[in-house]
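Chain letters run A, B, ... following the sequence lines, proteins first and then strands; every chain starts at 1.
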Amino acid sequence: MHVGIDVSATRGFDIAALDDDRRLVLLAKARDLDAAAVIARGLPSESVIAVDAPPAPSRGLVAGGKRFRVAEEELHKLGVSLYPVPPDDAEPSSWMREGYALFEVLAKAGFPVFLEGPARASVSIEVYPHLTYRTLSGTVRGKLSKIEWSRAALRRRVSGVQKDATQDQLDAVAAALTAWYFAHDRWVGYGDPREGVIFAPLAEDREEAPVGQDQLSLAIETGGPMGSIAAAGTREISFADRVLRLVSHIPLGRVATYGDIARACGNPSGARAVGTILSGHAFEVPTHRVVDARGLPSPAFGGGPGVQLERLASEGVRIEGGRVDLAACRWSPA
DNA sequence: CGTCTGACTGCCC
DNA sequence: TGGGCAGCCAGAC
């Protein structure tokens with residue numbers, strides 16, 4: 001059985017299971033860890049369980065004294081942004097703590113975390129549904145809503161998914177599908193086995209590629225709505241595309257202002273429009289790395305400006321008196 | 001198409 | 001310093 005679990009601190013665990021023919025055979029909700037443990041113990045022992053959450057804190061293995069994990073850095077280089085997992089001494093998000101606890105429960109139920117070696121059954125793995133959607137569809141989200149994009153990536157790859165499935169449920173299915181790819185030895189791992197590895201499918205039409213990397217960068221550099229930065233000067237690519245493309249390249253640990261982005265995209269007075277654009281793409285691009293000209297976070301940031309500052313702090317950005325230290329952390333697009 | 005609404009900025013007290 | 005304010009640009013009806 002190939003199982004996927006979507007972790008949410010407030011909404012509980014969504015659990016999906018696929019059989020070997022990728023039919024959805026189970027879609028359940030577990031309110032808390034105990035309920036999840038009961039379901040886990042009922043699974044066939046040769047199952048693979050994919051969880052949308054990290055199993056452990058960062059161990060600071062990235063060069064340069066950064067605090068996030070190697071997995072985050074590797075994916076960032078591919079243009080995929082995700083929540084940085086902080087080291088032990090920092091406060092993780094509540095859903096990350098749920099993840100740590102869940103992986104412990106799964107280990108006790110007979111599914112220890114898999115980190116390296118040949119793929120095998122009876123393990124749990126960390127996955128990232130957004131990465132799975134992106135690898136499978138070969139494109140970035142574009143104009144589709146997140147849920148439409150998710151559904152499109154799963155269509156024809158999984159059967160039995162209800163039309164009215166929630167985003168959490170689709171993410172659980174995506175995780176289960178990733179477990180299926182893992183069990184069928186078509187997978188890619190990102191990160192360092194000593195602290196945590198994120199697994200993704202190897203897209204079917206490029207099985208020879210060493211990693212999903214070609215697939216991903218291809219999506220960025222060509223067809224996708226993100227367009228190419230090389231062509232940024234031409235009218236061919238919209239302002240919005242250039243903005244998203246550029247923001248996706250702000251390094252971890254650095255920030256840019258709305259004005260910086262606008263200027264670099266050839267529209268010096270478009271700072272306000274940059275905000276408008278970012279507000280619609282908070283999930284796929286690290287929008288928390290964009291602050292206003294004084295270093296202040298956005299009052300409308302998802303979860304509140306405090307959350308934006310917390311995420312920046314966990315990435316190593318210096319915060320002082322509720323604003324980021326622009327002099328120290330400002331990134332200039334070159 | 002106009003009109004309205006912001007995850008903005010710089011300038012003026 | 002910091003608040004007020006008038007431009008500004010891209011999306012959403």
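When each of B/dA7, C/dC9, B/dT9 is scored by its nearest atom to the side-chain atoms of A/A293, the top-ranked nucleotide is B/dT9. In the set B/dG6, B/dT9, C/dC9, B/dT9 carries the atom at the smallest distance from any side-chain atom of A/D292. The side chain of A/R323 sits closest to C/dG2 out of C/dA10, B/dG10, C/dG2. Distance from the side chain of A/A273 is smallest to C/dA10 among B/dT9, B/dA7, C/dA10. Nearest nucleotide to the side chain of A/A240, out of C/dC9, B/dA7, C/dG11: C/dG11. Considering only the side chain of A/S269, C/dC8 comes nearest among C/dA10, C/dC8, B/dA7.
The distance from atom OH of A/Y258 to atom C1' of B/dG10 is 17 Å, rounded to the nearest whole Å. Going from atom CD of A/E320 over to atom C1' of C/dT1 covers 16 Å, rounded to whole Å. Rounded to an integer number of Å, the gap from A/H281 NE2 to B/dG6 C1' is 15 Å. Atom pair A/R294:CZ and B/dG10:P shows a separation of 11 Å (rounding to whole Å applied). One interatomic measurement links the two molecules: CG of A/L278 to P of C/dC9, which rounds to 17 Å at whole-angstrom precision. Put simply, CD1 on A/I261 is 17 Å from P on B/dA7, counting in whole angstrom units. In this structure, CZ of A/R263 is placed 11 Å from C1' of B/dG10, rounded to the nearest angstrom. Rounded to an integer number of Å, the gap from CZ of A/F301 to C1' of B/dC8 is 17 Å.
The aromatic rings of A/F283 and A/Y128 sit tilted, their planes meeting at an angle between 30° and 60°. Between A/H2 and A/H184, the ring planes are tilted. Angles from 30° to 60° get that label.
In summary, A/R134 and A/E284 do not engage in a salt bridge, as defined by a charged side-chain N under 4.0 Å from a carboxylate O. Ion pairing between A/R97 and A/E91 holds under the 4.0 Å rule for side-chain N and carboxylate O.
The cluster map of Ile, Leu, Val, Met, Phe, Trp and Tyr, joined by side-chain heavy atoms under 4.5 Å apart, puts A/V127 and A/M1 in the same cluster.
Residue A/T287 is in base contact, counting any heavy-atom pair closer than 4.0 Å across all strands shown.
In terms of polar N and O atoms assigned as donor or acceptor, the side chain of A/T276 comes within less than 3.5 Å of the base of B/dG6 in a complementary pairing.
Taking the nucleotide of DNA chain C with the nearest heavy atom to each of A/R272 and A/I277, the more 5' of the two is matched to A/R272.
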